[in-house]
Novice: 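Pasting in a structure now, in structure tokens, and then I'll have a few things to ask.
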Amino acid sequence: MRDPSSLHVLKKWDKAHVWHAFTQMAEYEPLLIERADGCNLVDCDGREYLDGVSSLWCNVHGHRHPHIDAAIRKQLDEVAHVTLLGMAHPTTVKLARGLVELAPVGLNHVFFSDDGATAVEVALKMAFQYWRQCRVGCAHQTSDSSSAEQRWAQPTLQRTKYLAWDNAYHGDTLGSVSVGGVARFHAMFRPLLFDVVRLPVPDTYRLPPGVTTDSACDYYLNQLEATLKQHANEIAAVVIEPLLQAAAGIITHPHGFLRGVRKLTKQYGVLLIADEVAVGFGRTGKMFACEHENVVPDFLCLAKGLTGGYLPLAATLTTDEIYEAFLGRYEESKTFFHGHTYGGNPLGAAAALATLEVFEQEQTLSHLQPKIDRLAEHLVRIAKNPQVGDVRQRGLIAGIELVRDRQTKEPYPWEEKRGIRICQHALAEGIWLRPLGNVLVIMPPLAISPDELDRICAAVESGIAAVCG
Ligand SMILES: *Cc1c(COP(=O)(O)O)cnc(C)c1O
């Protein structure tokens, strides 16, 4: 048994010294998790919580998976850190190869960093530098009728903008915040951010007047095309969260939208950055969300689930075409002058490689469908609750949106903290969840069992009844 007085001290130090992310510290109540096993967290008082949000969307195969644990221990006996500035480690090299084999075909080059935000920053800067260095003979010239000479004369230097959607979330560094658009988090920093060509979120729940579920995809794609027609020559890249915008509140895009975006970006000669930081590694039912619509982006950003949720590691994958635009003699200064000290570190790479091996060994993806179906059944039932305006699901990601009025879709004022209060209720029942405003999020590790899913959904339901009933 733990000495209760020392736990008391730890909680005091937690409040005094640890400044928690996305947390109002004046209201923070220390919750110290001491250990975990599978999908269960255990706090310092010995209380257990089922992890309904995958350690904030990153855990994949469960906590303390024996294969991943062993891989990290083995790596530790060799070396923990090797820089990628001019050298490498075999584990990191193997991981790069593994990712290339797994990713959509043609993404042959892997730039490692350490977080989702940095994976996106890398893609943004690569896209920008690509256009600076690409004047002729580059496949991404617009398909206009200009002659080769005209194109030669047409510099690509004015491609300094990005296109992104409202409510996008790409991380919290300033570049990522610039392309992001969650007003609650980002509006404050507006004066520091660069300009982005912005489109309304392709939301399947709150459709504009006159737009139906069937016409939504075309409607949003037409908007994109009109914008590209006007701005393609200024835009370095389009940045998208494939299939759904997670942090926005699990906002799902219409089916076919991603494929349409790829088609239009190709047609108008703009690069496509797919931010799969949240949706990658099986969460949507396939290894990568882009696979659902047979899309190969120019950049694929990966983080969160990459190491199974063990260690900070991220990767930005790109094509031969982008990569080759950076090749040249040293004096040409085409080098990608960007790096993160721990990017691609062998410990993280060992965890990531082991995570990929577990997908193989346990056939994780082929065992997912019954769980996805089970979650869907629960959502059908939960959707009948009058305070639930919408339920949205892609694979093992679900959002349950609470509304004051189902007819008008009027949200609860965010100050009422409905989502937070329901999650507090669930916590008391031993289920750990974290909401996004009025949207309850269920995003368990892929290793979740059907029984555990039942328990999570039951807690959500009783929480809704208690807080909104
Ligand atoms: C979480 C997230 C990020 C940021 O990842 P960090 O590792 O927290 O920097 C970027 N993009 C998306 C879509 C995310 O969900």
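Both ligands and their constituent atoms are indexed starting at 1 by order of listing.
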Novice: Is the distance between the ring centroids of H63 and Y310 under 6.0 Å?
Specialist: no
Novice: If we only count heavy atoms from C-beta on, is the P242 to V295 side-chain gap below 4.5 Å?
Specialist: no
Novice: Heavy-atom contacts with ligand 1 below 4.0 Å: which residues, ordered by chain and residue number?
Specialist: W57, D115, G116, A117, Y169, H170, G171, E241, D275, V277, A278, K304
Novice: Would you call F281 and L302 a side-chain contact if the rule is heavy atoms closer than 4.5 Å?
Specialist: yes
Novice: Are the aromatic rings of F326 and Y130 close, with centres under 6.0 Å apart?
Specialist: no
Novice: Tell me whether the centres of the aromatic rings in F194 and Y162 are closer together than 6.0 Å.
Specialist: yes
Novice: Can you confirm whether D166 sits close enough to L199 that some side-chain heavy atom of one is under 4.5 Å from a side-chain heavy atom of the other?
Specialist: no
